[in-house]
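Report on the following structure.
Naming convention: chains lettered A, B, ... in sequence-line order (proteins, then strands); numbering from 1 in each chain.
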Number of protein chains: 2
Amino acid sequence: MASKERIQRLKDETRINILDAALHIVKEEGWQALSMRKIADVIEYTAPIIYEYFANKEAILLELARKGYLILAKDLRTAHEQHNLPEKQLEAMWLAYWNFAFANKELYQIMFGITTNCSCEEVNKLEESVMPWDLFTDVIGKVMHIEDPASDVICTKYYTFWSVVHGLVSINLLSRGSSDAINRQVLMDAITGIIRSIKPE
Amino acid sequence: MASKERIQRLKDETRINILDAALHIVKEEGWQALSMRKIADVIEYTAPIIYEYFANKEAILLELARKGYLILAKDLRTAHEQHNLPEKQLEAMWLAYWNFAFANKELYQIMFGITTNCSCEEVNKLEESVMPWDLFTDVIGKVMHIEDPASDVICTKYYTFWSVVHGLVSINLLSRGSSDAINRQVLMDAITGIIRSIKPE
DNA sequence: ATAAATTATTTAACAGCGTTAAGCAAATAT
DNA sequence: ATATTTGCTTAACGCTGTTAAATAATTTAT
């Protein structure tokens, strides 16, 4: 009867194994190649077993996206903590965002629907998917010396940052980018440029 | 024997019907719902017939992407022609790009792999997919008063424009955007901001 | 005009997909 | 020892893209 815990532990482990297997397959062969039967092969079970841990394939993708958002949020917080000046914090956060995208290419793809067809409506429903927002608007407000964090102008600047960084990431994940040198230049120019333009005085 | 041409005309028409049917289905039900059998239903044939016009499903997607790039290129040229000042041309072109994306949402999705898994390598191989480049670098060069259109700094600025516009489009196609008012603000701020920052004097 | 050859189109099938239901085998409870 | 639950697999359904074989329609040749 004390084996209940042991069994639960095994079950938890299998759940993790499923997610790990899925991500492993995707990293090796891409999102298109991911199938329930392949996951089953890796975890050495048959496909129907997976449905005792996840409602369907989509739920697995959603959980991976969720994990991605959690990692990204953590990276952003870490970057934020490493500086005191709001300008430096902002710069470090967008650099962290950029680094996350390439260190976790497959997760970024599913988080933001790049060459994957995971229903974005469902991904958007994840509460974790809206996470970064408050942290950014807070810092942007500080840089701009604006009190109200819900101000429209802060919102605008947030989207400006996000658009340029996400856009550059997307273009590169599609192999439509330029050299690393130019990427770096675009990224830093944009970030420092926007920061300079929003700083009062 | 003169019916050869008539038959060829019918064949050409069927080919067009296939592409139209595919785009129609996608606009009604999304990329995920597109299947060879559904296309066959619409054109009132059975699925294998399609393979006499296209090598496979991917070829249909590729052709739609190609058509998208051609429309975009035309829109960009038209925008370019409607102004004389390079600054105005540049602004009009990126506005045209923005408008194209929302007027042809489904085409844009497949052209740039947004919630679709059409192999981006194949899309990148389309010669039409690199089209806009020369037109933009030319105008950017004029605004900056730089002769060499292959200059690194022009390349950098081109990617800066493209990143912010494509990023904002992507975010909105994912239903992750803000209000139309803020979209407009971000777009215009970014375009005019970059133009002002690259103009010498 | 009739027979032969070519073309147009469909039906059937294969392998793979996500998913569900039925069946079996092993562990647990009574 | 028997009954019951649990863990897992096999089989199946309807879908997918795609190919091969069979059939219907049309054109060509005689």
### Task
Can you establish whether the number of heavy atoms outside A:N84 located under 6.0 Å from its atom CG is more than 12?
no
#### Entry: Distance in angstrom units between A:I18 CD1 and D:dC8 P, rounded
11 Å
### Query
Whole-Å distance between D:dT9 C1' and A:D41 CG?
14 Å
### Query
A:T46 side chain N/O closer than 4.0 Å to the phosphate oxygens (OP1, OP2) of D:dC8?
no
### Message
Rounded to whole Å, please give me the gap between CD in B:E52 and P in C:dT9.
### Response
8 Å
### Query
Rounded to whole angstroms, how far apart are CD on A:Q8 and P on D:dT6?
13 Å
### Query
Hey, which of these two, A:Y53 or A:R37, hits DNA chain D nearer its 5' end, going by closest nucleotide?
A:Y53
#### Entry: Identified side chain to side chain donor-acceptor pair (under 3.5 Å) counterpart of A:K125 within the set A:E122, A:E121, A:E127
A:E122
### Query
When we call it a touch if two heavy atoms are under 4.0 Å apart, what does B:L34 touch: a base, just sugar-phosphate, or nothing?
sugar-phosphate
### Message
Without decimals, in angstroms, what is the distance between A:Y51 OH and C:dA21 P?
### Response
12 Å
### Query
What do the steps show when you test B:I60 against B:E63 for side chain to side chain contact (heavy atoms under 4.5 Å, CB included), and what is the final call?
CA-CA 5 Å; B:I60 298 176; B:E63 185 59 25; 5.8 Å; no
### Query
Where is the tightest heavy-atom contact between A:P200 and A:V143, given as atom of each residue plus distance?
CD-O, 3.3 Å
### Message
Using whole Å, what does the distance between atom P of nucleotide D:dT16 and atom CG of A:N117 come to?
### Response
14 Å
### Message
Between C1' on C:dG16 and NZ on A:K57, what's the gap in Å once rounded to a whole number?
### Response
12 Å
### Query
Contact class for A:Y45 (heavy atom, under 4.0 Å): base, sugar-phosphate, or nothing?
sugar-phosphate
### Task
Could you state the atom-to-atom distance from CD1 of A:I50 to C1' of D:dT9 in whole Å?
13 Å
